[in-house]
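This report concerns only the one structure given below.
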Amino acid sequence: MNVEREKQLAAAAAADMVEGGMRVGLGTGSTVAYFLHELARRNLKAMHVATSPRTADAARALGIVVEPFNVLDRLDLVVDGADQISRSGWLIKGGGGAQTREKIVAASADRFVVIADSTKLVDRLRAPVPLELLAFGLASTLRLLGNTTLRDVGHSPDGGVICDFHGDVSDPAALAQWLSSTPGVIGHGLFAPELVSEVLVGTGNTVQRSSSGGTQ
């Protein structure tokens, strides 16, 4: 298995979906880095927004124009990676700490396309689940959550504290609802299948495609 080759194949397949004049959201992570290179190679005239300062800087270094995401209310296409992709279509994202912005951008898209290598496919999701928490009342929020560790990184671009939840992930829908309703939680890394339009997974020398989040 050549993981980097699989990432590159998935990224190239996603780049082929981009057309001139589109409004495109750029995700965060190592697979998206290949996607940025493919976009730069195609040199299309499109409008781009980024889910993290790291992605914005990498895109601009390649000559890709990135606009602030404070005026547009809709994107044509968003391409992002994932840390885990379950057979049921649920994702865990946020290994890079950008899960809140990634979810906002994904929800704004007509099509949200996930790109990954084959190691990201799992039968069931497993902990940890990345979280972004308010700094205000942090100790109280951590007590409510239980089994959560602070990550030794800086705050998110929006000032949130990045943590990892290590509890039970066997029912991702119930966990997502509970996390969203817990005071102090800004965002979590569970992405529901209905948010996903298509998954592109590099597998060997081919790209496995699936729709609606499922991978079977």
query = What's the verdict on side-chain contact (heavy atoms from CB on, under 4.5 Å) for Leu9 and Thr206, showing C-alpha distance, side-chain angles and the deciding distance?
reply = CA-CA 7 Å; Leu9 287 171; Thr206 63; over 6 Å; no
Full working for side-chain contact (heavy atoms from CB on, under 4.5 Å) between Leu72 and Arg23 = CA-CA 9 Å; Leu72 298 176; Arg23 296 186 283 190; 3.2 Å; yes
inquiry  = Within 45 degrees of the ring normal and closer than 6.0 Å to the centroid, is that where the cationic atom of Lys7 sits relative to Tyr34?
reply    = no
Check whether any side-chain heavy atom of [X] sits under 4.5 Å from a side-chain heavy atom of [Y], and report yes or no.
{"X": "Ser108", "Y": "Arg74", "answer": "no"}
{"X": "Leu91", "Y": "Val114", "answer": "yes"}
{"X": "His188", "Y": "Lys103", "answer": "yes"}
{"X": "Met22", "Y": "Met47", "answer": "no"}

Does atom [atom1] of [X] have more than 12 heavy-atom neighbours from other groups under 6.0 Å away?
{"X": "Gln177", "atom1": "CD", "value": "no"}
{"X": "Arg151", "atom1": "CZ", "value": "yes"}
{"X": "Arg42", "atom1": "CZ", "value": "yes"}

key: Verdict with reasoning, Asp158 to Ser156, per side-chain hydrogen bond (donor to acceptor under 3.5 Å, both in side chains)   = CA-CA 5 Å; Asp158 303 297; Ser156 76; 4.7 Å; no
To check you understand the geometry: which heavy-atom pair defines the closest contact between [X] and [Y], and what is its length?
{"X": "Arg60", "Y": "Val66", "value": "NH2-O, 3.1 Å"}
{"X": "Ala10", "Y": "Gly202", "value": "CB-N, 3.9 Å"}
{"X": "Gly81", "Y": "Val32", "value": "N-CG2, 3.7 Å"}
{"X": "Ser197", "Y": "Asp110", "value": "OG-O, 3.8 Å"}
{"X": "Leu26", "Y": "Thr55", "value": "CB-CG2, 3.7 Å"}
{"X": "Ile85", "Y": "Ala116", "value": "CD1-CB, 3.7 Å"}

Which distance, rounded to the nearest 0.5 Å, do you find between the [atom1] of [X] and the [atom2] of [Y]?
{"X": "Thr141", "Y": "Leu133", "atom1": "OG1", "atom2": "CG", "answer": "6.0 Å"}
{"X": "Thr100", "Y": "Glu132", "atom1": "OG1", "atom2": "CD", "answer": "3.5 Å"}
{"X": "Gln99", "Y": "Ile92", "atom1": "CD", "atom2": "CD1", "answer": "11.0 Å"}
{"X": "Leu190", "Y": "Leu125", "atom1": "CG", "atom2": "CG", "answer": "6.5 Å"}
{"X": "Leu75", "Y": "His48", "atom1": "CG", "atom2": "NE2", "answer": "10.5 Å"}
{"X": "Glu102", "Y": "Ser52", "atom1": "CD", "atom2": "OG", "answer": "7.5 Å"}

Out of curiosity, does [Y] fall in the hydrophobic cluster containing [X] (side-chain heavy atoms, cut-off under 4.5 Å, transitive links)?
{"X": "Leu195", "Y": "Phe69", "answer": "yes"}
{"X": "Phe112", "Y": "Leu200", "answer": "no"}
{"X": "Phe191", "Y": "Leu121", "answer": "yes"}
{"X": "Leu179", "Y": "Ile186", "answer": "no"}
{"X": "Phe35", "Y": "Met17", "answer": "yes"}

ask   = Given Cys163, which of Thr148, Thr149, Val153 fulfils the side chain to side chain contact (heavy atoms under 4.5 Å, CB included) condition?
value = Thr148
query = Can you tell me if Ser211 and Glu198 form a side-chain donor-acceptor pair at under 3.5 Å?
reply = no
ask   = Would Asp83 and Lys93 pass as an ion pair if we require N to O under 4.0 Å?
value = no
query = side-chain hydrogen bond (donor to acceptor under 3.5 Å, both in side chains) between Thr203 and Ser118: does it pass, once the steps are laid out?
reply = CA-CA 5 Å; Thr203 306; Ser118 60; 5.2 Å; no
request  = Go through Leu44 and Val18 one step at a time and tell me if the side-chain contact (heavy atoms from CB on, under 4.5 Å) criterion holds.
outcome  = CA-CA 8 Å; Leu44 297 172; Val18 180; 3.9 Å; yes
Any donor-acceptor N/O pair, Glu6 side chain to Gly204 backbone, under 3.5 Å = yes
task = Apply the test side-chain contact (heavy atoms from CB on, under 4.5 Å) to residues Val201 and Lys120: give CA-CA distance (whole Å), side-chain angles for both, the deciding distance (0.1 Å), then the verdict.
result = CA-CA 9 Å; Val201 178; Lys120 301 302 191 296; over 6 Å; no
